[in-house]
Amino acid sequence: MSKTATLKIDDQELELPVIVGSEGEKAVDVRKLRATTGYITYDEGFGNTGSCQSEITYIDGEVGILRYRGYPIEQLSEKCSFVEVAYLVIYGELPTVEQRERFSAALTEQAPLRAGMERFIQNFPRDAHPMAVLSSSLNALGAYYPNIASNNHKRDLEHFDEAAAIALSKVRTIAAHTYRVNNGLPLNYPKKDLGYSENFLHLMFSAPYDEYVATPEVAAAINFFFLLHAEHEQNCSTSIVRMVASAGANLFASAAAGVNALWGPLHGGANQAVLEMLNAIHADGDDGSKFIEAAKNGKARLMGFGHRVYKNYDPRAKIIKGSFDKALDSLGITDDSLLDIARNLEAAALSDDYFISRKLYPNVDFYSGLIMNALKIPVEMFTVMFAIGRMPGWIAQWHEVASNPKAKINRPRQIYVGPVPRDVPDVV
Ligand code: CMC
């Protein structure tokens with residue numbers, strides 16, 4: 001029997017339907033609330049608001065569960081590649097061998113950029129932040145594919161496979177080209193025989209007479225990083241992607257908006273902020289203890305700690321941490337002062353009542369910045385790496401909105417608290 005919730009407001013009693021998700025998540029359906037009572041709900045930060053029903057990702061932040069399309073992240077990271085997980089996130093099922101081959105071939109075909117797109121990237125100033133370049137370039141991609149980015153969802157969906165391959169493959173090429181341009185280096189071109197992560201490393205680091213060949217461990221670490229970031233339900237950037245899509249916008253415009261949200265230091269920018277924090281602590285001659293005190297007194301924020309949803313260990317942080325020593329060993333890194341500081345911070349925070357009582361645990365960004373630092377990815381590229389990894393999620397979420405015949409434009413309300421009506425004085 002379907003459940004309802006009763007809301008008593010003024011003299012009115014209202015029966016509100018209850019929606020239950022496939023994992024037993026419960027929501028009170030308030031869609032008719034305003035029309036019936038004149039009231040709206042107030043939920044600044046949307047911590048209690050379900051903005052959609054989605055089939056893509058399940059998170060239980062209290063116990064630290066993350067599943068893509070029903071598969072636990074722990075199993076996916078053990079058994080699958082990033083490209084397979086991207087296919088799963090986008091299409092709902094893990095690929096067969098044939099589907100995987102077709103998908104990989106489409107990614108290979110879409111890897112190079114049009115010459116105009118290359119010039120577009122080359123024309124940014126050399127000190128441009130790569131996230132600014134990425135967001136602009138994703139938007140610009142839409143200009144190169146007007147049939148696919150028509151802002152008519154029905155038409156755009158007819159070209160969805162191509163659009164998905166373009167977005168997923170070219171985000172990596174744009175990112176690497178940006179790094180080359182910012183460092184005054186000639187561009188590299190994608191190679192047919194390399195996998196997704198190997199190609200990214202080649203695009204980034206090959207020199208004209210010195211081809212970069214990734215060790216299996218380094219390629220695996222990059223693959224792993226992308227895979228762990230592939231999707232994370234209604235976080236800030238994904239909500240923005242859905243919001244832009246809800247207005248009818250195309251995939252590239254929606255993903256570009258997601259990049260802008262991800263850039264913020266409280267979201268994807270946290271991995272860059274973690275490394276900057278560790279460097280500042282190191283430069284200060286602190287072992288981490290002074291910084292912990294500052295964080296407890298509200299004078300600093302321990303970047304890479306805390307999460308809006310996870311009130312337990314972020315499962316992605318657990319996986320990254322588990323593989324961390326292996327990756328460092330393979331790179332021959334045994335002694336690292338930033339790593340020591342990170343370990344001190346983690347140990348101190350995990351045993352301190354301030355952090356325990358607020359359920360502040362390390363999130364995925366706490367260790368991912370250190371891994372990328374070890375892989376010689378420059379710090380301003382960290383959030384771009386997150387964006388490459390997150391592209392499958394944005395594509396899947398865009399598709400969910402675009403293919404939903406009942407989807408509505410997202411348009412929250414507000415409580416106005418400004419001045420009450422008044423007359424403009426004669427002299428201003
Ligand atoms: N260091 C110190 N105190 C903190 C921290 C932190 N990192 N995070 C939260 N707090 C405190 C906060 O001051 C507040 O204390 P009080 O109750 O005394 O006022 C309490 O914990 C609750 O914090 P909140 O800001 O209400 O929590 P939120 O759910 O709104 O914020 C967060 C979540 C991720 C924005 C926040 O924890 C934060 O700023 N963390 C650092 C940035 C970071 O690592 N972000 C990456 C998130 S994971 C990657 C992603 O998915 O985007």
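One-based numbering, in listed order, for ligands and for the atoms of each. Computed from heavy atoms alone, side chains included, the values below leave out hydrogens, waters and symmetry copies.
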Look at [atom] and say which protein heavy atom is nearest, naming residue and atom and giving the distance to 0.1 Å.
{"atom": "atom 51 (O) of ligand 1", "answer": "His307 NE2, 3.5 Å"}
{"atom": "atom 5 (C) of ligand 1", "answer": "Leu360 CD1, 3.9 Å"}
{"atom": "atom 50 (C) of ligand 1", "answer": "His267 ND1, 3.6 Å"}

Applying a 4.0 Å heavy-atom criterion (strictly less than), which segment of [X] is in contact with ligand 1: side chain, backbone, both, or neither?
{"X": "Asp365", "value": "side chain"}
{"X": "Val274", "value": "neither"}
{"X": "Arg358", "value": "side chain"}
{"X": "Asn363", "value": "side chain"}

> Among pairs that include at least one residue of residues 218-245, which meet salt bridge (Lys or Arg N to Asp or Glu O under 4.0 Å), considering only residues two or more places apart or in two chains?
Replying inline: Arg242-Glu400
>> I'd like to know if Lys79 and Glu84 make a salt bridge, using a cut-off of under 4.0 Å between side-chain N and carboxylate O.
In response: no
> Does a side-chain N-to-carboxylate-O contact under 4.0 Å join Lys290 and Glu293?
Replying inline: no
> With atoms numbered from 1 as shown, which atoms in ligand 1 lie under 4.0 angstrom from a non-hydrogen atom of Gly304?
Replying inline: 43 (C), 44 (O)
>> Need the ligand 1 atom indices (1-based, order shown) with element for anything under 4.0 Å from a heavy-atom of Ala270.
In response: 43 (C), 44 (O), 45 (N), 46 (C)
> Would one find more than 12 heavy atoms of other residues, nucleotides or ligands at under 6.0 Å from atom CD of Glu15?
Replying inline: yes
> Of Ile73, Leu66, Val85, which meets side-chain contact (heavy atoms from CB on, under 4.5 Å) against Leu228?
Replying inline: Ile73
> Are any side-chain N or O atoms of Ser135 and backbone N or O atoms of Ala132, one a donor and one an acceptor, separated by less than 3.5 Å?
Replying inline: no
> Atom CZ of Arg172 and atom NE2 of His177: how far apart are they, to the nearest 0.5 Å?
Replying inline: 10.5 Å
Protein heavy atom under 4.0 Å of [atom]:
{"atom": "atom 13 (O) of ligand 1", "result": "yes"}
{"atom": "atom 31 (O) of ligand 1", "result": "no"}
{"atom": "atom 42 (C) of ligand 1", "result": "yes"}
{"atom": "atom 18 (O) of ligand 1", "result": "yes"}
{"atom": "atom 7 (N) of ligand 1", "result": "yes"}

Looking only at non-hydrogen atoms, which of [options] approaches [atom] most closely?
{"atom": "atom 36 (C) of ligand 1", "options": "Arg390, Arg308, Arg301", "value": "Arg301"}
{"atom": "atom 2 (C) of ligand 1", "options": "Phe305, Tyr354, Tyr310", "value": "Tyr354"}
{"atom": "atom 1 (N) of ligand 1", "options": "Val364, Leu302, Leu266", "value": "Leu302"}

Would [X] and [Y] count as a cation-pi pair here, with the cationic atom under 6.0 angstrom from the ring centre and within 45° of the axis?
{"X": "Arg100", "Y": "Tyr87", "value": "no"}
{"X": "Arg358", "Y": "Phe355", "value": "no"}
{"X": "Arg114", "Y": "Tyr145", "value": "yes"}

> Is the closest heavy atom of Asn235 to ligand 1 under 4.0 Å?
Replying inline: no
Side-chain donor-acceptor distances from residues 401-413 under 3.5 Å, at least two apart:
residue	atom	partner	partner atom	Å
Ser403	OG	His399	O	2.6
Asn404	OD1	Lys406	N	2.8

